[in-house]
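Quick note on labels: first sequence line is chain A, next is B, and so on, each numbered from 1. From a predicted model like this one, the values you see are computed outputs, not experimental measurements.
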Amino acid sequence: MDQPTSPPRLRPAKLKTDVAIDIIGMHKWFGDFHVLRDINLRVMGGERIVICGPSGSGKSTMIRCINRLEEHQRGRILIDGMELTGDLRRIDEIRREVGMVFQHFNLFPHLTVLENLTLAPIWVRKMPKKDADDIAMHFLRRVKIPEQAHKYPGQLSGGQQQRVAIARALCMNPKIMLFDEPTSALDPEMVKEVLETMVQLAEDGMTMLVVTHEMGFARQVANRVVFMDEGQIVEVNTPEEFFAHPQHERTKLFLSQILQ
Amino acid sequence: MAAHTPSGTSYVRAQAVAPLPPPLVESGAIGWLRTALFSGPLNIVLTILSGALIVLIVPPLLNFLIFDATWSGADREACLARPDRPVVGACWAFIRERLGYFIYGFYPIAERWRVDAFFVLLTIGIIWLLAPTARRRTLGAIYFFVVMPVLACVLLLGWPAIGLPEVSTTQWGGMLVTVVVSGVGIVFSLPIGIVLALGRRSRMPLVKLFSVIFIEFVRGVPLVTVLFMASVMLPLFVPEQWSPDKLLRALVGVALFASAYMAEVVRAGLQAIPRGQYEGAMAVGLSYWRMMGLIILPQALRVTIPNIVNSYIALFKDTTLVFIVGIFDFLRTIEAARVDPKWATPVTSTTGYAFAAIVYFICCYLMSRYARDMEARLTTTHRR
Ligand SMILES: Nc1ncnc2c1ncn2[C@@H]1O[C@H](COP(=O)(O)OP(=O)(O)OP(=O)(O)O)[C@@H](O)[C@H]1O
Ligand SMILES: [Mg+2]
């Protein structure tokens with residue numbers, strides 16, 4: 001199935017505004033536990049942000065607030081100009097524009113790879129099945145596993161499953177992609193294939209928020225690196241500055257641990 | 001363990017070991033006997049015990065059911081012991097003569113073809129819906145859940161305008177009633193049970209409260225009580241002039257009872273679905289009902305199939321309780337017929353019950369067999 005020329009790429013959908021994500025003074029509690037404290041982050045269209053920080057610092061919770069898998073209690077979140085509120089229709093609208101890739105893939109095991117990809121386009125975007133199939137095959141070629149289309153997720157390797165998950169998100173033609181530790185459940189030899197897919201996506205100009213500890217990826221792809229600790233954003237900087245001259249003690253400690 | 005020596009190679013064998021003898025025969029009839037029946041002392045004892053049990057039970061059973069049985073005759077005379085025939089087995093002549101009653105109850109003889117037609121329609125529906133190779137199953141579902149019930153009502157209840165005289169449900173009986181009651185219970189309990197299970201997990205307090213109260217209340221009382229309440233209390237709520245008939249009331253009672261149990265079965269299945277599935281579904285933008293209908297329930301029901309069928313089998317057998325409110329189901333017709341003086345013999349009751357047991361066993365066995373096949377099919381095609 002190897003093709004000499006790389007398959008055609010679809011441009012990511014255009015944002016309506018320049019600011020893709022605007023998080024203003026956002027707080028979140030789990031019961032009494034104050035997980036996120038005064039988060040402020042503005043992500044411009046086409047920007048790639050890498051988020052890192054120690055375990056339990058609230059990275060997952062923060063990006064899950066962006067597509068309302070978690071609800072924030074104070075402050076505002078605007079996605080492409082639309083504010084996230086309790087309004088269910090607004091939430092659905094935002095979830096259509098924001099793709100998400102999880103640490104454990106969360107593919108639907110009872111559906112084939114192709115069905116995993118076409119499900120949302122058919123049911124949410126109301127796309128005819130034929131078109132949905134075409135788009136799904138396009139993205140499967142792009143993540144380099146078109147030959148797996150008719151298998152079930154359980155029959156694929158972890159790396160292949162994660163690429164299917166990326167393709168599944170892309171089939172909805174999102175304007176923004178969120179990644180929550182997409183490679184940390186993978187065997188080392190599979191990390192590369194997933195990272196390559198993500199680099200390619202970045203080259204196409206997708207707006208990306210990536211929680212990861214792959215510092216090589218951060219160096220290569222990120223416009224900015226966000227460091228979180230104890231529910232706060234401690235430091236935001238360009239990768240060069242972030243790695244060469246971390247500003248805060250906590251950042252230095254974290255980097256020394258992770259880059260040892 | 002051998003003592004560890006500093007040189008470190010004492011554990012390496014210096015001589016080749018003689019090859020082991022070839023393994024005992026593990027294939028063929030003898031091999032099978034050896035591995036399956038006589039593989040150890042406990043197994044040998046169990047094999048002998050089971051063998052003894054089979055020898056003890058099977059021949060007398062066969063004698064009664066087949067070799068000594070009476071196959072034809074007009075009344076009790078045929079099934080009585082005579083000097084030339086001291087041992088009498090099952091009185092199948094009795095079953096043969098009363099078979100119509102067991103199947104149709106008091107359904108007018110001239111109209112019984114309508115019940116037969118209903119059975120045919122039902123069989124078509126079941127095969128269309130359940131056969132693994134069936135085509136156009138959506139159409140099959142429409143037929144089974146919409147077309148067939150309407151046709152069945154017209155056929156069984158009658159519609160004088162098109163020349164089908166009315167037959168009151170009080171005349172229904174036998175297998176017809178058993179099939180209708182359990183069929184309605186089976187068909188309605190799953191959707192209602194699913195809704196109740198979802199309601200119980202709902203975040204809306206009122207919905208949740210209602211579901212919990214309903215489920216716990218119904219599960220807290222025996223079916224007999226539900227049937228009594230359905231036949232005594234329902235008329236209090238529904239206007240007099242509608243006067244819901246006895247069978248309908250029992251149908252409602254059975255359906256609600258089965259739904260409460262089904263709700264718990266489905267809930268157990270829902271709990272087996274990891275949170276990631278919900279999140280994956282939400283993240284691609286599916287609404288709550290689509291997420292449930294396309295992602296969560298298909299997986300939950302799949303892992304629940306054995307339990308669902310279990311409930312169905314229990315329900316099928318529980319329908320015998322409708323006799324309490326005066327409905328003549330299959331077992332009740334046998335009960336009534338076995339005391340008929342015309343067939344009063346020492347073996348009549350035994351024969352009647354044996355017949356009932358065989359019929360119930362076949363039905364339940366088919367259900368559980370189908371469920372097992374389906375499970376096997378699903379696990380091979382949807383390997384995780
Ligand atoms: N549903 C929940 N209920 C209560 N507490 C939660 C919940 N989810 C997360 N937490 C807590 O919130 C804190 C932040 O969790 P989060 O998953 O965002 O951390 P993280 O930075 O993603 O960590 P990791 O690198 O381990 O994934 C943790 O202390 C966690 O225990
Ligand atoms: Mg996390």
In terms of the angle between their ring planes, are Phe257(B) and Tyr261(B) parallel, tilted or perpendicular, with boundaries placed at 30° and 60°?
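Taking Tyr261(B) first and then Phe257(B), their aromatic rings sit tilted (interplane angle of 30° to 60°).
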
Heavy-atom distances under 4.5 Å only: say whether [X] touches chain B with side chain, backbone, both or neither.
{"X": "Val98(A)", "answer": "backbone"}
{"X": "Arg64(A)", "answer": "side chain"}
{"X": "Leu178(A)", "answer": "neither"}
{"X": "Phe102(A)", "answer": "side chain"}

Return yes when atom CZ of Phe217(B) has more than 12 non-hydrogen atoms of other residues, nucleotides or ligands closer than 6.0 Å, and no otherwise.
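Result for CZ/Phe217(B): open.
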
Is it true that Arg377(B) and Asp373(B) make a salt bridge, defined as a side-chain N closer than 4.0 Å to a carboxylate O?
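No, this pair does not count.
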
Looking at Glu264(B) and Arg267(B), is any side-chain nitrogen of the basic one under 4.0 Å from a carboxylate oxygen of the acidic one?
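Looking at Glu264(B) together with Arg267(B), the answer is yes, because their closest N to O distance falls below 4.0 Å.
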
